[in-house]
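Computed over heavy atoms, backbone and side chain alike; hydrogens, waters and symmetry mates excluded. Here is the naming used below: chain letters follow the sequence lines, and residue numbers restart at 1 for every chain.
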Amino acid sequence: MAASMRLLVRRAIRLSHKNINVTAAGLSGRSGSCWEPSSCRCFSDAAEDRSTHFGFETVPETEKAKRVYKVFENVAQKYDTMNDAMSLGIHRLWKDTLLHVMHPQPGVRLLDVAGGTGDIAFRFLEYIRSQQERQKRRAARSVQTPSWQDISSSYSTEDEVGPQESRAVVCDINKEMLKMGKQKADSLGVSAGLSWVVGDAEELPFDDDQFDIYTIAFGIRNVTHIDQALQEALRVLKPGGRFMCLEFSKVTNPLLARLYDAYSFQMIPVLGEVIAGDWKSYQYLVESIRKFPDQEEFKQMIEDAGFYSVQYYNLTGGIVALHSGFKL
Amino acid sequence: MAALLRGLRAGRALRGLGSVVAAPTAPTRQCSSLRRGFHRTAPRLQDEPKSDKPPTSSSSTTYHEHYQAHSAEQDPAAASQEDSPSGPAAEEASRPNTSYQDQSGEQGEEYETEEQLQARILTAALEFVPLHGWSMEAIASGAETLGLSSASTGMFYNGAGDLVLHFITQCNSQLTEILAEQHKQVHLGQAEPKKTADFLRDAVETRLRMHIPYIDSWPQAMSILLLPHNIPNSLKHLSTLVDDIWYYAGDRSTDMDWYTKRAALTGIYNTTELVMLQDSSPDFQDTWNFLDNRIQDVVNMATTAKQVQSTGEAVVQGLMGAALTLKNLTGMNQRR
């Protein structure tokens, strides 16, 4: 009784926190379950007066989401190819590092927001599967001459739900990207434990305390209100859950910074035009990287949202930063 | 200044109140840790002027129970059984400790700091060590009993090393509590002071008995402690342990003895630990015999050294006397 009362009080506090953020952004009250992303965004005058950055342009906040949607709609077909071309394949190493740092235990639920083509989700399922295989191999090796009891118990555990326990949910605001992801899943033959959901990072269509791990890889800089996305991450994570964010960030070494800038502004839009036929989207990509807060500032934002034990790792000299925080 | 102190006291009182509110509905395990926390704050309210050492009276009794329960192996099993039916309730109860009180992002005002939460997770993880060994799986299972997701194991960057070091720290502080209690007893005259050799023997035996519940996986733990990035920490813990034992044995030496005594005890402790790993006698009797013999060796060596020294002195005096007599006899001692 008292426990449910405390739960209600806590939910009320969280809602009041959200309401403070929400009214500041000009939106009416919300309940945190399924909402259509487009419905309530245009309803307030206050939001239209506020502007934000879209690359190096300044646009009204209401515009940004629409334009980001169009960018990714255009690039969805060639997204993976372009990733490989632009980063010279290093993006795979970044995503692998994310998984290694995450070190998921079998049985956890992952939410990959802005997951698009599902790179993180596939790697997650692969990691869990190989871990379970390794555990089974270790168990088999340690029992070289099994007694009849061990053999009979191994028969009974065969239909235990093992790999199905870990589930990955890929959530993206863009249907085209999700379509590409589903196609990739079908071609790879991965289907168990994977679901595809359309949703907005600022208003996730999930209940509270659902997921063990929340990841957002190279997506959070496209979100209009980053602090709202962080609040939502805090909401849908279970207590003890982990928030992990891979994002382009400030390069620490000045020489590398010069090379990186030259490469970004000269090479990447050209590659975009040649491979995907879209200069402007990749111009936006490069500019949005520059507009994103640096490692320390983003760490501060994560701490402000209510995460503890926040840490970041610089990958490839600071080109990419992996931020991690816990909901305790 | 006075207002600041008053404000601090009020803040601590509120924290104490918060723990009282959360305590009645919490299940037993959370209750014991909460009560321990409450006990920690309550004496602090009273003893603010003398803030040298935290009061050990209440916590030492719980440590005593914990220590006895460890050797009986009853408590962990019973506590984990109590925990599983009250799992969801534990989740509800553990959350007010951390996130409910504080949403402002400031870590100082939290009822429980991150370090305390990590310590709680590691303590809960110790139960699963016989099953999973000293590994991340044990920590994940420990976190789950506290109602936290297993993703929280990411907080432990050293993984299994964190778990082993936490266990070592816990054992060392238990030993220090016990030795301090004995010291107090002797001081109050309720117990007789032991001879140094007996004292050392009892202290090392007490400390090594704490390994008994985990003795099957202890080789794995020792190998983890020998990893290069863990060596500084494990050496530090070993040296503080040996230093504490000698301190309570009454050693106040300030010369070379300080080093030799601690080196000797370190050698005794390490070798006895290794013997314990492959000991299969009932209640590790062989290990305690080995320990007796080693301490006897050290005592014998010390006595022998003293004897040699005094014999040497006596011989030298004798020689000097003989030389003087000879000088007298030959008349060389006269001054002309």
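- By the side chain to side chain donor-acceptor pair (under 3.5 Å) test, B:Asp162 pairs with no residue at all, sequence neighbours left out.
- Heavy-atom proximity under 4.5 angstrom to chain A picks out B:Met136, B:Glu137 from residues 129-139 of chain B.
- For the pairing with A:Lys238, the side-chain contact (heavy atoms from CB on, under 4.5 Å) check across B:Ser152, B:Ser150, B:Ser149 returns one residue only, B:Ser149.
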Exercise for review: Verify side chain to side chain contact (heavy atoms under 4.5 Å, CB included) between B:Glu114 and A:Phe326, making sure each step is shown before the conclusion.
Suggested key: CA-CA 10 Å; B:Glu114 283 167 30; A:Phe326 292 90; over 6 Å; no

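- The line from CG of A:Leu328 to CD of B:Gln118 is 8.5 Å long, rounded to the nearest 0.5 Å.
- Interface remark: B:Ala140 contributes side-chain atoms only to the contact with chain A (heavy atom separation under 4.5 Å).
- A search for side chain to side chain donor-acceptor pair (under 3.5 Å) contacts involving A:Gln295 returns A:Ser249, A:Asn314, not counting sequence neighbours.
- In this structure, the side chain to side chain donor-acceptor pair (under 3.5 Å) partners of A:Asp119, at least two apart in sequence or on a different chain, are A:Lys95, A:Lys184.
- Of all non-hydrogen atoms in B:Leu148 and A:Gly240, the two that sit nearest each other are CD2-N, 3.6 Å.
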